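Beneath this line is the structure, given in structure tokens, with notes to follow.
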Amino acid sequence: MPLDVAPVVRAYETQRTLNPPGIPALAPMPEGETDDTRRICEQFGEDIVAAGLHYGNQVVYVDPGRLKALATVLRDDPELSYETLIDVSSVDRSHLPLDGGARFQSVYQFRSYSRNQHLTVIADCETEAGGGDSAQIDSLTGVYQGAEWPEREVYDLMGIHFTGHPDLRRILMPKNWPNHPLQKQAPLGGEEVPFTFTWDDPEFDTLGSQILPAESTVPDLPPGMSRQNMVINMGPHHPSTHGVLRLVVEMDGERIVSIDPDLGFLHSGFEKTGENKRYKDFVYYTDRMDYLSSMSNNLGYCLTIEHMLGLEIPERAQVIRVIMAELQRIASHLFWLATHVLDVSGTGMSLLMYATRERERILDLFEMVCGARLTVSFIRIGGVWQDLPDAFVAELKDFLRVMPQKISEYEAMVTEAPLWQERLIGIGHISAEDALGMGLTGPMLRGSGVDWDLRRDRPYSGYEAYEFEVPTSDSGDCYARFKIRLEEMRQSVRILEQAVDNLPSGLYRSNNRKVALPPRAELDVSMEALIHHFKLMTEGFHVAPGFFYHGIENSKGELGFFVYSDGSAKPYRLHVHGPSFNNLYAIDHISRGEMLSDVVTNIGSIDIVLGEVDR
């Protein structure tokens, strides 16, 4: 079905580019070698197109016909032991100078927890004869179970078909959506909105009209489900789904046979938007994904871009960032605890109010530093928006003085409660092997006994200077994940106490004027500062051609950003690895054989925010 858009294109709308010659440009090939890339090249020989380091990350380009074999070796070779496929994304290179290369590439992020190694694998996708808007490559679901949803996302948004995938359906867009929106020829927002000088323009005949017909379509029975069993909807308006999440639940009597989540009700096109915004301007959009972890979202994105820029961040700015990230972790866990107890027990109104009370104190601190409580946009590329106000440290110390006792009170209210234990112990069990295979992160991973935390194991923002413990449990059930999150709040308090006691003086933002705005006072006395301000506000800064994946330890798991730069002031490709999306994949696995009421417990135990799931 064609898009309902105006066909008019006007010559005066086409502006000359602000980019210098040579942009857009392809990312350069990796250079050098590591022990892992050397071993891979020894085993696969000419099937490895290129291998080495790029922006400090290990990168391997592999022949598409050998991708599945490489993934199997990465998992099974004891000297490699990449137990987990963290993320799958893709790049449509049709607007780059390909010189005969493939239009589509699939990008994989592998992780070895046992060896603390990260590897990016890239493979060209085979396109239709004579080109075209679709491509195909082998699915890795037979090697890594966790590839199922990320591959569905790539198929949905980019149009790449994964051969051998067990359930290749759209996952975020409606089943009758007419295109794959992340392809470069697909318009931003689904319909073109050309500039016009007159209200008589034909554009206004269709501007704002629906892309798809308004008629509802009958939902299909998810693959593998049988009408011999009872199939019911849970959501998208059920309060315990924590947002507009629809679960199709197949039941045999009182027991769950399977669950198929129906996502995308809140799909907002963050990645497509990010590819049409300057690097500095996408910070404000990150707040709106996981809106309970805005500071962490800011931090994850800014760290990725700063690494690509080679930008050094002042020590004071780094400590302020750690303070904000840990306050945000506590605030997110408090909201999780308040809603989880209410969902599960139905009698948790008191704990709901108590946990919300402490979270309000954190939001007061956020408001003190930036004037906002939810969508903060405080952490910026180069540092933070402004320095801490004079009263902030005293207020923070007072909060840290009372918070440990508050956590103990929460724990005393529910930990030994018979109803709470009945609803959580033994429910939603995940083994360590399954957690690794499904690519789970955060408390979902640590609750199954995998001792991993990016702050400690791949430190960023100076976390290597802080002393803290990483709580784990071998139980693998909802109760274990509950206990872990409580202990994580205590450890965050411990980090905050160290940060506030060692808060250095100095700059709160980089003084690199080509990246960070000069202080307002400089504009009246310095022509150079005025020029930098003008250039940054009208054009932004350019990032050298290349790509980079970086993850941080969010409250819900690993929040990662994959950015591909073509040398311009906007990301050519921007992909978000959201922990809520990847962890929600486990809902079917952990709910099979359990009661319908246990689904509520499992959703709360995963801790999702639909703004990040749907993005």
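It should be emphasised that the depicted structure is a prediction, and the values quoted were computed from it without experimental measurement.
For the side chain to side chain contact (heavy atoms under 4.5 Å, CB included) test with Thr441, the passing option among Asn582, Asn554, Asp453, Ile86 is Ile86; the others fail. Here the rule is side chain to side chain contact (heavy atoms under 4.5 Å, CB included) with Pro579, and of Lys556, Met444, Glu553 only Lys556 fits it.
For the residue pair Thr34 and Gln58, the shortest heavy atom distance occurs at OG1-OE1, 2.5 Å. Here the closest heavy-atom approach between residue Val244 and residue Leu610 is recorded as N-CG, 3.9 Å.
Not one N or O on the side chain of Asp598 forms a donor-acceptor pair closer than 3.5 Å with the backbone of Glu594. Using a distance-only test at 3.5 Å, with no hydrogens or angles considered, no donor-acceptor pair links the side chain of His54 to the main chain of Phe548.
With rounding to the nearest 0.5 angstrom, the OG atom of Ser591 is 13.0 Å from the CD atom of Glu250. In this structure, NE2 in His333 is found 5.5 Å from OG in Ser555, a value given to the nearest 0.5 Å.
The existence of a salt bridge linking Asp588 and Arg592 is confirmed by a sub-4.0 Å separation between a basic side-chain nitrogen and an acidic carboxylate oxygen. Salt-bridge check for Glu488 with Arg446: passed, with a basic side-chain N closer than 4.0 Å to an acidic carboxylate O. Between Glu464 and Arg456 there is no salt bridge, since none of the side-chain N atoms of the basic residue sits less than 4.0 Å from a carboxylate O of the acidic one. Checked for salt-bridge contact, Asp156 and Arg169 miss the test: no charged N lies under 4.0 Å from a carboxylate O. In this structure, Arg401 does not pair ionically with Glu395, as no charged nitrogen and carboxylate oxygen lie closer than 4.0 Å. Using a 4.0 Å cut-off between charged nitrogen and carboxylate oxygen, Arg573 and Glu271 count as a salt-bridge pair. Between Asp457 and Arg111 no salt bridge is recorded (no basic side-chain N to carboxylate O distance below 4.0 Å). With respect to the salt-bridge test (charged N to carboxylate O, under 4.0 angstrom), the residues Arg481 and Asp607 do not qualify.
Between Phe282 and Tyr301, a ring centre-to-centre spacing shorter than 6.0 Å is recorded. Note: Tyr479 and Trp420 fail the aromatic proximity criterion, with ring centroids not under 6.0 Å apart. Aromatic ring centres of Phe378 and Trp385: separated by at least 6.0 Å. Ring centroid separation for the pair Tyr144 and Phe110 comes in under the 6.0 Å cut-off. Residues Phe561 and His575 keep their aromatic ring centres 6.0 Å or farther apart. Note: Tyr460 and Tyr463 meet the aromatic proximity criterion, with ring centroids under 6.0 Å apart.
Between Glu497 and Val493, the closest side-chain pair of non-hydrogen atoms falls below 4.5 Å. Looking only at side-chain heavy atoms (C-beta outward), Arg321 and Asn298 stay at 4.5 Å or farther from each other. Side-chain contact between Ile323 and Glu326 is absent, with no heavy-atom pair separated by less than 4.5 Å. For the pair Val563/Tyr279, a side-chain contact is recorded, criterion being any heavy-atom separation below 4.5 Å from C-beta on.
Annotation: Phe392, atom CZ; neighbour count of heavy atoms from other residues, nucleotides and ligands within 6.0 Å is above 12. For Gln421, the CD atom is densely surrounded, since the number of other residues' heavy atoms within 6.0 Å is greater than 12. In Glu315, the CD atom is not crowded: 12 or fewer heavy atoms of neighbouring residues, nucleotides or ligands sit closer than 6.0 Å.
Using a 30° and 60° split on the angle between ring planes, Tyr549 and His118 fall in the parallel class, below 30°.
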Does Asn297 form a side-chain hydrogen bond (donor to acceptor under 3.5 Å, both in side chains) with Tyr291? I'd like the steps, not just the answer.
CA-CA 9 Å; Asn297 299 345; Tyr291 36 78; over 6 Å; no

Please step through side-chain hydrogen bond (donor to acceptor under 3.5 Å, both in side chains) for the pair Tyr108 and Ser106, ending with a clear verdict.
CA-CA 7 Å; Tyr108 306 85; Ser106 55; 3.2 Å; yes

